[in-house]
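What you are looking at is a predicted structure, and each value in this text was computed from that prediction instead of being measured.
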Amino acid sequence: MKTVAHYLQLALLAFFLVFLIFFIFFDTLGSAFGMDPITSASMVKVFLTGSILFLAAWGTKAIYTKGLLDQIKKMEIEMNSVKAKLYDLEHPKSTQTSKPIPQKNQEEPIGTIRPRQNFTDQ
């Protein structure tokens with residue numbers, strides 16, 4: 001898809017360059033091809049052809065970019081799942097390795113405020 005978008009952009013560039021050169025040198029090139037003077041109908045045809053080429057190039061590029069973004073999202077999701085598995089292997093959740101919870105001493109007060117301690121300068 002990338003090569004199609006690339007070739008369509010090159011075709012669009014070549015199309016507009018050829019017609020730019022043709023219209024700049026129309027006095028000499030027009031008589032060589034036996035053309036009448038430029039009319040609005042011929043300019044509309046050139047403009048519409050260029051617009052169609054532009055839309056085709058833009059559309060293929062957008063489709064290619066969307067495909068790449070979808071692929072990146074899938075890879076990120078896969079990478080996150082691999083990271084999670086690796087973390088689980090490195091940090092097992094077993095009760096044997098966990099530290100026991102220390103028991104509260106019965107002499108400590110039950111309230112949340114600790115008793116006041118007086119400090120003196122000596």
Side-chain angles (χ1 to χ4, degrees):
M1 189 61 107
K2 181 180 180 181
T3 56
V4 172
H6 183 69
Y7 289 133
L8 282 173
Q9 287 176 348
L10 287 176
L12 180 67
L13 177 67
F15 176 81
F16 280 119
L17 284 177
V18 165
F19 274 101
L20 176 69
I21 291 170
F22 182 74
F23 287 128
I24 289 175
F25 299 109
F26 184 76
D27 292 336
T28 56
L29 293 177
S31 61
F33 289 110
M35 293 183 67
D36 292 332
I38 299 174
T39 62
S40 60
S42 63
M43 288 303 295
V44 168
K45 289 177 186 176
V46 169
F47 177 73
L48 288 177
T49 306
S51 298
I52 291 170
L53 280 175
F54 172 76
L55 290 175
W58 178 72
T60 54
K61 190 70 169 183
I63 291 170
Y64 176 72
T65 304
K66 186 180 181 306
L68 284 180
L69 290 176
D70 290 342
Q71 187 178 5
I72 288 171
K73 286 179 184 178
K74 287 178 185 176
M75 289 178 145
E76 285 177 350
I77 291 170
E78 182 181 343
M79 186 173 58
N80 286 338
S81 67
V82 169
K83 283 181 182 179
K85 288 178 184 177
L86 182 64
Y87 181 82
D88 289 342
L89 289 175
E90 289 178 354
H91 301 67
K93 294 181 180 180
S94 65
T95 56
Q96 297 171 354
T97 58
S98 63
K99 296 180 182 178
I101 299 173
Q103 297 293 326
K104 286 190 173 183
N105 194 357
Q106 295 297 334
E107 297 174 4
E108 291 182 13
I110 297 175
T112 58
I113 300 175
R114 293 176 44 192
R116 179 177 168 179
Q117 293 179 351
N118 292 328
F119 294 102
T120 58
D121 293 332
Q122 292 181 0

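- A single hydrophobic cluster is not seen to contain both I52 and L10; linkage of ILVMFWY side chains at heavy-atom distances under 4.5 Å, directly or through other members, places them apart.
- Hydrophobic clustering, with ILVMFWY side chains joined whenever heavy atoms are under 4.5 angstrom apart, groups F16 together with L20.
- Taking OG1 of T3 as the start and CG of L8 as the end, the distance is 9.5 Å to the nearest 0.5 Å.
- Cluster annotation: L48 and L12 are assigned to distinct hydrophobic clusters (Ile/Leu/Val/Met/Phe/Trp/Tyr, side-chain heavy-atom contacts under 4.5 Å, transitive).
- Every residue two or more places apart in sequence or in another chain that forms a ring pair (Phe, Tyr, Trp, His ring centres under 6.0 Å) with F15 is listed here: F19.
- Within 6.0 Å of OH on Y7 lie no more than 12 heavy atoms contributed by other residues, nucleotides or ligands.
- To the nearest 0.5 Å, the span separating OG1 on T65 from CG on D70 amounts to 11.0 Å.
- Listed by chain and residue number, Y64, Q71 satisfy the side-chain contact (heavy atoms from CB on, under 4.5 Å) test with L68 (two or more places apart in sequence, or in another chain).
- Considering OG1 of T60 and CG of L55, their distance stands at 10.5 Å, rounded to 0.5 Å.
- Residue pairs satisfying the side-chain hydrogen bond (donor to acceptor under 3.5 Å, both in side chains) criterion with at least one member in residues 74-91, sequence neighbours excluded, are absent.
- No continuous path of ILVMFWY side-chain contacts below 4.5 Å connects I72 to M75, so the two sit in separate hydrophobic clusters.
- In terms of hydrophobic clustering, with Ile, Leu, Val, Met, Phe, Trp and Tyr side chains grouped at heavy-atom distances under 4.5 Å, F47 and W58 are assigned to different clusters.
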